[in-house]
There are 2 protein chains.
Amino acid sequence: MGFSHLSRPGESFSAAELTPSARAVFRSLVAGGPSTRPQIGEQLALSRPTMSASIGELERLGYVEKIGESQGSLGRKAALYRVGAGAGHVVAIDAGSTHVRLRVATLDHRLLHSRTYRLPTSHRLMNEEISRAVAEEFAAAATETEAGWGPLRAIGIALPSRVVGDGAERASTRQDELFTHFAPPAGPKLVLENNVNCAAVAENVYGVAQGRQDFAYIQIGLKLGMGLMLGGRLIRGRNGAAGEIGHLAYPFAPGHTPVAGEAETYLGTEALMQRVRDAWPEAPPPPPEDAGDLFARAEKDEVAAREQVERHAADIGALVASCVALVDPGLVVLGGGVGTSPLILPIVRKVANALSYAVSVETSSLGPDATVLGIEKLAVDRALDVVLAQPSP
Amino acid sequence: MGFSHLSRPGESFSAAELTPSARAVFRSLVAGGPSTRPQIGEQLALSRPTMSASIGELERLGYVEKIGESQGSLGRKAALYRVGAGAGHVVAIDAGSTHVRLRVATLDHRLLHSRTYRLPTSHRLMNEEISRAVAEEFAAAATETEAGWGPLRAIGIALPSRVVGDGAERASTRQDELFTHFAPPAGPKLVLENNVNCAAVAENVYGVAQGRQDFAYIQIGLKLGMGLMLGGRLIRGRNGAAGEIGHLAYPFAPGHTPVAGEAETYLGTEALMQRVRDAWPEAPPPPPEDAGDLFARAEKDEVAAREQVERHAADIGALVASCVALVDPGLVVLGGGVGTSPLILPIVRKVANALSYAVSVETSSLGPDATVLGIEKLAVDRALDVVLAQPSP
DNA sequence: CCCATTTGTTATGCGGCTTTATGAAATGCT
DNA sequence: AGCATTTCATAAAGCCGCATAACAAATGGG
């Protein structure tokens, strides 16, 4: 069999050579959670001897571990395996503008540790404060690292800004500000991703877009953003700017000259509230304090509030129609403070379908953890690439 | 080696079993044109014995054939191979609204036969006339089929309408009208694709978008359309409606209510000419006859014409900006009658970049054959799937 | 307690490939 | 012409990853 390269365990650490079926078995355990040998064998159509060899390889490296024996209405007990500590873990950080959320998890998404830090004030943009918070939270989590979690494979960070790969020009990106106070360790892979894209990934893994090959996640709140998944892959774009729907041509009509970023300004919460205040009748009920107030009163059937909300929903419907016209995702998931309001859903649905092709519109069901769960998934994917990397030559 | 299943040649026709390396060799010949054994061997990192075996398999099936010996500044001559007649051929048809173009080609894109039929009048939509023309052209081509071209593997047809796969609802599609007079033979695979998508494929293979992983082909003429290629794959959308930019929300501005399909109407050639006529000054030069006239006179620096063209170009720039904002393709190729005018290019470039992220804008360099070349490529791809299909169980 | 049933291990073989060795053909130098 | 050199093709041997087959071990039911 040629195990000579494994005779001194721990020596050839990163260059772990695995047989293809061992890789498949590991992937199955990561995706499907704890399973017995025959379960995996049947799922992957592998023979029992091959399973034996694969599990042997993985167990020797600590990538999997036996966690018991299981059931069998008849016959011998089957051994139950799961991803082992040797496979390591990941840290996922949602570096939001109002809070920093952190999760430490195994490659099969078992939560090892979790923290949340609320930033003192609401910052609109990536800045030093966030960088400092990330550094502190990461350091705090690192001290809690228990032995037995294995090596840290990847650090994923979700950012509220455009994110570009190493190749492209990153001048206009704010992503570098993250590192003013936070110095990531050298070993683990660093995974940066836009927070809206992360939310889309989370919807795809845990939410209403579960398993969908094609859909768009559209976030409507203070700012606008879209995460696109087409053909099962996240669409990032050449400059990491895919999904910047705030830059749709707007106003786009005869006699008007579009202004850069105006769609975001007009459809964002601030401009909405300004319009609401301007159009508010003189009569008794005073104009709403903020967007939350507006939607709450609209739900109570307060006429003026309702009218404003419905008009805004129609605008959003037009926005969604534009997205549908370009990529025809088949499903649009609405997220963000305004996007998740139950009032706007039927109107957006109606307008979008009237203006473009058939599209399902649903409201995001994931809570505030969506972003951190999405970046965790991406970090795990990256970690798997490393763990299961085949030797290059 | 186990060649028993090949002992009676021609018997196991469709279930040709090929080794993985033989498949790779065949693919290399298809993609790279005629090559010598050592060239392929080096490119695929295959040993000479493996090359020998692979070529042997392929030659026995007629999939490749020796077409000579070649070069060598020193040493023995190398045998030169190319895709053989046994691999078969494809028929590609551009069923346009003004003409039907047909090409018969081998899997390595050697042109075997070509015809063009100009429809008597300009039909806007898929209709019986086109179906009849397709049937006639296909039948005429079939009679010319020379022995030695091998089996017909696939028929590709580019349609000026939405195209959906077998699964989705095709009610609102006009694609079925194609078959009112044209009955395709049962054997070969049928490949249907939207004509704009085909043009995009052609740009990707032969044109200015050669080898690009991400770009958008935007056609501006009587109608508007976009072919999207992201991550090296054509984006078709859930209902085959991706790229229907004519359905962008328009007019999209405060106080306006968008109308379905209005972007196409407004930015299409007819509406443009109507506006031009309405705005034309009373003075001597009479308003232009048609779009061609308008652009010709604009190029001659006729002030009124120039003004109109520039305003239209700015509108198109806004349209392009919307596409860029959503998918950030990095490159936009302009096609179609209006899109290829050299006058609009710099303005579109400027407006698109001002409104959204960095994007290259280029003019299509492929002539009227673009669509048929694109569908030919897609038909060949499909044919390869068939020829190189591995036995399922 | 024996037996059917399921799980895990060991032995053997096969397909697809590589490497090594050997033979054949074309070229330049003497 | 004869020869070394270079390149291409074939033959033989062996590796790697997997499957099949046969056997050993564990478990519950008559």
Side-chain angles (χ1 to χ4, degrees), chain A residues 1-6 15-28 34-60 64-81 388 390-391 393, chain B residues 1-6 12 15-28 34-61 64 66-81 388 390-393:
Chain A
M1 269 285 187
F3 284 123
S4 60
H5 60 291
L6 294 177
E17 251 178 77
L18 289 172
T19 176
S21 10
R23 277 181 243 273
V25 168
F26 187 74
R27 246 184 270 271
S28 167
S35 322
T36 65
R37 286 204 210 193
Q39 280 169 359
I40 304 172
E42 189 175 15
Q43 187 198 333
L44 300 177
L46 293 178
S47 68
R48 280 185 299 243
T50 304
M51 277 303 303
S52 227
S54 301
I55 292 278
E57 289 178 63
L58 293 168
E59 218 166 8
R60 226 180 312 272
V64 307
E65 60 191 20
K66 191 173 167 182
I67 57 167
E69 318 198 294
S70 160
Q71 77 185 100
S73 68
L74 189 66
R76 180 174 166 176
K77 276 182 287 192
L80 190 66
Y81 289 87
L388 300 181
Q390 14 220 348
Chain B
M1 268 289 185
F3 284 123
S4 59
H5 60 290
L6 296 177
S12 59
E17 252 178 75
L18 291 171
T19 72
S21 10
R23 277 181 242 274
V25 168
F26 186 75
R27 245 183 270 271
S28 167
S35 322
T36 65
R37 286 203 206 192
Q39 280 169 359
I40 304 172
E42 188 176 16
Q43 187 198 334
L44 300 177
L46 293 177
S47 67
R48 274 175 289 195
T50 304
M51 275 303 304
S52 230
S54 301
I55 293 276
E57 288 179 63
L58 294 169
E59 217 166 8
R60 224 180 312 270
L61 290 165
V64 307
K66 191 172 166 182
I67 57 166
E69 318 196 297
S70 159
Q71 76 183 102
S73 68
L74 187 69
R76 179 175 167 179
K77 277 182 284 190
L80 191 64
Y81 290 87
L388 300 181
Q390 14 221 348
S392 34

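Everything numeric in this text was worked out from a predicted model, so none of it was measured.
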Nearest-angstrom distance from the residue atom CD of E57(B) to P of dG16(C): 8 Å
message: Between C1' on dG28(D) and CD on E69(A), what's the gap in Å once rounded to a whole number?
response: 15 Å
message: Under 4.0 Å from OP1 or OP2 of dG8(C): is there any side-chain N or O of S52(A) that close?
response: no
Of the listed nucleotides dA9(D), dT18(C), dC18(D), the one nearest the side chain of A79(B): dA9(D)
statement: The nucleotide from dT27(D), dG16(C), dT20(C) with an atom nearest the side chain of S21(B) is dG16(C)
query: Once you round it to whole Å, what is the distance between C1' of dC8(D) and CD1 of I40(B)?
result: 14 Å
task: Rounded off to whole Å, could you give me the CD-to-P distance for the Q39(B) and dC8(D) pair?
output: 9 Å
Nearest-0.5 Å distance, OG of residue S21(A) to CG of residue L46(A): 5.5 Å
- request: Report yes if at least one side-chain N or O of S47(B) is closer than 4.0 Å to OP1 or OP2 of dT19(C); otherwise report no.
  value: no
- request: Give, for atom CG of L44(A) and atom OG1 of T50(A), the distance between the pair rounded to the nearest 0.5 Å.
  value: 11.0 Å
- line: By nearest-nucleotide position on DNA chain D, the 5'-leaning member of P38(B) and L46(A) is P38(B)
task: Give the rounded distance in Å between these two atoms: CG of L18(B) and C1' of dG15(C).
output: 14 Å
Nucleotide nearest R37(A) when distance is taken to its side chain, options dT10(D), dT9(C), dA19(D): dT9(C)
field: T19(B) vs dC17(C): side-chain N/O to OP1/OP2 distance below 4.0 Å
entry: yes
message: What's A45(A) touching, base or sugar-phosphate or nothing? Going by heavy atoms closer than 4.0 Å.
response: sugar-phosphate
task: Check whether any side-chain N or O of E57(A) sits under 3.5 Å from a backbone N or O of T19(A) as a donor-acceptor pair, and report yes or no.
output: yes
- request: Take the protein atom CD of E59(A) and the nucleotide atom P of dT9(C), then report the distance between them rounded to whole Å.
  value: 9 Å
query: Does the side chain of R76(A) get closer than 4.0 angstrom to OP1 or OP2 of dG8(C) through an N or O atom?
result: no
- line: Rounded to whole Å, CE of M51(B) lies from C1' of dT19(C) at a distance of 17 Å
task: Please report the shortest heavy-atom distance between A79(B) and K66(B), naming the atom on each side.
output: CB-CE, 3.8 Å
query: Among dG8(C), dT27(D), dA11(C), which nucleotide sits nearest the side chain of K77(A)?
result: dT27(D)
statement: With the side chain defined as heavy atoms from C-beta on, P49(A) is closest, among dC17(C), dT19(C), dT20(D), to dT20(D)
task: Please state whether the phosphate of dA25(D), meaning OP1 or OP2, lies under 4.0 angstrom from any side-chain nitrogen or oxygen of R48(A).
output: no
- request: Measure the distance from CG on L44(A) to P on dG17(D) and round it to the nearest whole Å.
  value: 17 Å
field: Neighbour count >12 (heavy atoms, 6.0 Å) for atom CD, Q43(B)
entry: yes
